[in-house]
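Quick notes on the structure that follows.
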Amino acid sequence: MNKEEMGKEAYQAFYLENYRHSLSHVLAKAVIELFGKENVQYAIGPQIDDGFYYDFLLPRPIVKEDYAAIENKMREILKRKENWTRKEVSKAEALEIFRGQKFKTELIEDLPEDETISTYTTGDDFIDLCRGPHIENSQELLGAAFEIKSVSGSYWRGDEHRDQLQRVYVYAFPNKDELKAHKAMMREAMERDHKKLGKEMELFMFDETAPGMPYWLPRGFKLFNALLAFWRQEHEKHGYQEISAPQIQKRELWLTSGHWDHYRDGMFVLPAKKVAEDGSVSFEVDDQDTYCVKPMNCPNAILVYKSKLHSYKELPIRYSETDVIHRREKSGELNGLFRVQMFRQDDDHTFLTEDMIEDEISDIMDIAKTIYGTFGLEYVAELSTRPEDYMGDIEVWNQAEASLKRILDKKYGEGGYEINEGDGAFYGPKIDLKMRDCIGREWQMGTIQLDFQLPLNFDLKYMAADGTQKRPVMIHRAIFGSMERFIGILIENFKGRFPFWLAPVQVGIVPIKPEHNEYAKQLEKKLREAGIRVEADYADKNMNDKIKTLRTYRDPYILVVGDKEMETGTLAVNIAGNKKAYGVPVETFIAACERMNKTYQLELEETFA
RNA sequence: GCUUCCGUAGCACAGUCGGUAGUGCACUUCACUCGUAAUGAAGGGGUCGCCGGUUCGAAUCCGGCCGGGAGCUCCA
């Protein structure tokens, strides 16, 4: 195919892939030349969004000091201007060519007997198993810009029980400018890092004694509460009722729910205290007195549902819950607020009849649209179907999956969503909502899960119109997913400059001299009475110091008050730490703040007319 | 859990060849009373993550553990 037939964009994408993929062969060749062919088992080397990687099994770890040598070797190879030749071989021939290369051998063995196997030879000493296509001569890559990004571990075929390989990640772009732009983007992402901003803005912290369990600091908790208040307001409109329930419960409950069997590794368990006859004390997991810290809210919502008999007329019943939950994670998986062991879901469990499912899920999607839209976030739906370790009747699963597909087809059009086969929860299929932040990263947030299993385990019922008792269906759902993770995403998405309504403290006041304190106090009072989160610095110190601190906190507005303001009753407003507006009447400013709090608008107002 | 890197004052970091610690910001005090990101001076603050080993001597070398980052696997 050529440029004309493919169209410009497709051609560029093809070319980029071809470049990256070909460069990955060059990386493998370089590593082999540096380490010696007999010492290298090379696995696979695909292209990725910003370059490519290649997995190797090597006699020693590759360290940073090796990067330059590898890059130089790659450049040296390109300068040889070697020809790349494609050759089709039989399975037997392929096995012979890659004798001694266990990963290649395994790949070949897994191919069907009649598959056409192609190899690419670069120069006269390097051959790789590859579908292609590739460049024809190394000189085509001479202009390409590449740089080793990092080296890390990865499992052969993603299986943690198999060989752990060293994965060499390389940035690769057609030219230096694009590489430079990409690195600038990476730096931008680093600057947005919520762990860095969270510390700077005093939003949250961690302590070694509680790994993965965030402490919300005063400023951070103001933000947290503002977010939750918004969430509550939206859900109230849709008939949600909030409950709160015990944090720990006897093991018995988790046996009934199935979590003890399916989720035990993820639970913090409190063993029972045993006192022997000789007075010695031990702790054991037993049937009676062992408690589990809740990893999920569902069983409690069910107990609340079960506390009385419900009529079909009451359904759907929606019990929402934002209690703290705890989940044990493997040590290497924790990551700031993105992956924690203690968090709050914006959870809900809805009890309803089968024929209500479609309307209900449609309603949940409307809520999601409103809420994500408030933050300006784009999102896509992803359907996850029956996993291997599923519980329950396969027929029920099939029906549930079919109905979810129907809803998604209706909402987003056929093919307007993704399907993730086998990735559902053990109790039912689910729809996940994934968003993209303003620098293009994808996050899993909301989830909507159908559950036919728990109503069965807990023998749930409702009184149907015909006077018989029937079993309700359950929906687990969350829009933010976890409040903690969502706030982490928001910090990075907004780079700490939150929309006004969400900012921890919305207005900071800086009196220039102590004699302006009295006026500043009146102003502070006025703002607070208007429902605006405000702080003022009355310390006897240089006004520049005060401004600096409030800018670090990223208060949306900083009001500097001095003689002029006192005389005229107006304000000097520092907007987002950057622009300035002078002579703003106090009432006008307050009205703007109240408006932003009411409408949840994204943009910070800059003119106060 | 695995691979790899890291852990020095509240924060950001320096610390050579092993000889019991420094800088900047922040904090405290004094002076300055200031118009939008660093006023000046003085001062306080550290069992160098924890435990053990090597050594006359360990922030430094070795081992284990705890915590953190980047990935893998898993997940909200």
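Order of the sequence lines fixes the chain letters, A, B, ..., with proteins taken first and strands second; residue numbering starts at 1 for each chain.
- K546(A) comes within contact range of no nucleotide atom at all, as no heavy-atom separation falls under 4.0 Å.
- In this structure, K541(A) atom NZ and U29(B) atom C1' are separated by 14 Å, rounded to whole Å.
- At a threshold of 4.0 angstrom between heavy atoms, the contacts of G488(A) with the nucleic acid are absent.
- Ring geometry for Y557(A) versus F589(A): interplanar angle over 60°, hence perpendicular rather than tilted (30 to 60°).
- Across the strands present, U39(B) finds its partner in A31(B); the criterion is a Watson-Crick or G-U wobble pair with both atom distances under 3.5 angstrom.
- For the side chain to side chain contact (heavy atoms under 4.5 Å, CB included) criterion with R327(A), the lone passing option out of M296(A), Q341(A), M342(A), M267(A) is M296(A).
- Taking a pair to require two hydrogen-bonding distances under 3.5 Å in either a Watson-Crick or a G-U wobble arrangement, G63(B) pairs with C51(B).
- Projected onto RNA chain B by closest heavy-atom contact, A581(A) and D540(A) fall at different nucleotides, the more 5' of which corresponds to D540(A).
- With no hydrogens or angles considered, no side-chain donor-acceptor pair links Q41(A) and D163(A) at under 3.5 Å.
- When the nucleotides C5(B), U33(B), G35(B) are ranked by their closest atom to the side chain of A572(A), G35(B) comes out on top.
- Using a 4.0 Å heavy-atom distance criterion, N574(A) is classed as a base contact.
- Between the P atoms of C5(B) and A9(B), the separation comes to 23 Å (whole Å).
- Nucleotides C13(B) and A41(B) place their P atoms 26 Å apart, quoted to the nearest Å.
- Atom CD in E202(A) sits roughly 13 Å away from atom C1' in C27(B) (whole-Å rounding).
- Here the side chain of E565(A) is nearest to one of U33(B), A38(B), G35(B), namely G35(B).
- Between U36(B), G35(B), C11(B), one nucleotide has an atom nearer to the side chain of K580(A) than all others, and that is U36(B).
- Note: Y169(A) and Y54(A) fail the aromatic proximity criterion, with ring centroids not under 6.0 Å apart.
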**OP:** Report the C-alpha separation of F338(A) and F343(A) in whole Å, then their side-chain angles, then the decisive distance to 0.1 Å, and conclude whether the ring pair (Phe, Tyr, Trp, His ring centres under 6.0 Å) test is met.
**Re:** CA-CA 10 Å; F338(A) 289 159; F343(A) 59 108; over 10 Å; no
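- Taking 4.0 Å as the cut-off between side-chain N and carboxylate O, K222(A) and E535(A) do not count as a salt-bridged pair.
- In this structure, G44(B) makes no Watson-Crick or G-U wobble pair, since no nucleotide meets both defining distances under 3.5 angstrom.
- At least one test fails for R497(A) against the ring of F494(A): distance under 6.0 Å to the centre or angle within 45° of the axis.
- When Watson-Crick and G-U wobble pairs are counted only if both distances are under 3.5 Å, U3(B) pairs with A70(B).
- Atom C1' of nucleotide G35(B) and atom CG of N544(A) are separated by 8 Å, given to the nearest angstrom.
- Rounded to an integer number of Å, the gap from CD of E515(A) to C1' of G35(B) is 13 Å.
- When the P atom is compared between G69(B) and G63(B), the two are found 24 Å apart, to the nearest whole Å.
- The partner of A58(B) is absent, by the rule that a Watson-Crick or G-U pair needs both atom distances under 3.5 Å.
- U33(B) and U20(B) have their P atoms separated by 46 Å, with the value rounded to a whole Å.
- Using C1' as the reference atom, A58(B) and G19(B) are 10 Å apart when rounded to the nearest Å.
- Straight-line distance between the P atoms of A76(B) and C66(B): roughly 26 Å, to the nearest whole Å.
- Rounded to a whole Å, the CD atom of E567(A) is 15 Å from the P atom of G35(B).
- The P atoms of G10(B) and G49(B) are separated by 13 Å, rounded to the nearest whole Å.
- Rounded to whole Å, atom P of G1(B) lies 12 Å from atom CG of D265(A).
- At a non-hydrogen distance threshold of 4.0 Å, nothing from residues 213-232 of chain A comes into contact with RNA chain B.
- Residues A536(A) and E524(A) share a closest heavy-atom pair of CB-OE1, 4.0 Å.
- Remark: P of U39(B) and CG of D545(A) are 6 Å apart, rounded to the nearest angstrom.
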**OP:** Assign a letter to each nucleotide of nucleotides 69-76 of chain B from its 5' end: B, base within under 4.0 Å of a protein heavy atom; S, sugar-phosphate only; -, no contact.
**Re:** SSBBBBBB
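- For the pair K196(A) and A12(B), the criterion of a side-chain N or O lying under 4.0 Å from OP1 or OP2 is not met.
- In this structure, K330(A) does not pair ionically with D265(A), as no charged nitrogen and carboxylate oxygen lie closer than 4.0 Å.
- Distance I62(A) CD1 to C5(B) P: 12 Å, rounded to the nearest Å.
- Nucleotides G43(B) and C25(B) place their P atoms 15 Å apart, quoted to the nearest Å.
- Taking the six-membered ring for Trp and thresholds of 30 and 60 degrees, F221(A) and F224(A) have nearly parallel ring planes, at less than 30 degrees apart.
- Ion pairing between K430(A) and D432(A) holds under the 4.0 Å rule for side-chain N and carboxylate O.
- Using N1 to N3 plus N6-O4 or O6-N4 for Watson-Crick, or N1-O2 and O6-N3 for G-U wobble, each under 3.5 Å, A12(B) pairs with U23(B).
- A salt bridge does not link E492(A) with K196(A): none of the charged nitrogens is closer than 4.0 Å to a carboxylate oxygen.
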